[in-house]
> 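Sharing a structure, written as structure tokens. Questions coming.
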Amino acid sequence: MNFTLFLLTIFGTEMDILHHVLESDLAKVVGKKLAQLIVLSRSGELEIKLGDGVLTER
């Protein structure tokens, strides 16, 4: 099972994950940092920098 399906199995839909699941519940599954980023995206405080569409290795 891939990670996305795993999250959907636990939390329901993508919209539930992005809008409704408590940060503390998310953190138990995805870790504190990712849970914080999801919560920031809910409030519009997450800054996303657009790339040029080219995938690069680092």
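Note that the structure is predicted; figures quoted are calculated from it, not measured. The residues of the chain are indexed from 1 along the displayed sequence.
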> Tell me whether Phe6 is reachable from Leu8 by hopping between hydrophobic residues (I, L, V, M, F, W, Y) whose side-chain heavy atoms are closer than 4.5 Å.
yes
> How many angstroms lie between CZ in Phe11 and CG in Leu26, if you round to the nearest 0.5 Å?
5.0 Å
> If Ile, Leu, Val, Met, Phe, Trp and Tyr residues are connected whenever their side-chain heavy atoms lie under 4.5 Å apart, and connections chain through other members, are Leu5 and Val21 in the same group?
yes
> Enumerate the residue pairs fulfilling side-chain hydrogen bond (donor to acceptor under 3.5 Å, both in side chains) with a member in residues 4-21, sequence neighbours excluded, ordered by first and then second residue.
Thr13-Asp16
> Within the 4.5 Å heavy-atom criterion, are Ile17 and Ile10 side-chain neighbours or not?
no
> Show the nearest heavy-atom pair for residues Ala27 and Ala35, with the distance to one decimal.
N-CB, 3.6 Å
> What's the separation between atom CD1 in Ile38 and atom NZ in Lys33, rounded to the nearest 0.5 Å?
12.0 Å
> Is Leu18 linked to Leu46 within one hydrophobic cluster, defined over Ile, Leu, Val, Met, Phe, Trp and Tyr using a side-chain heavy-atom separation of less than 4.5 Å?
no
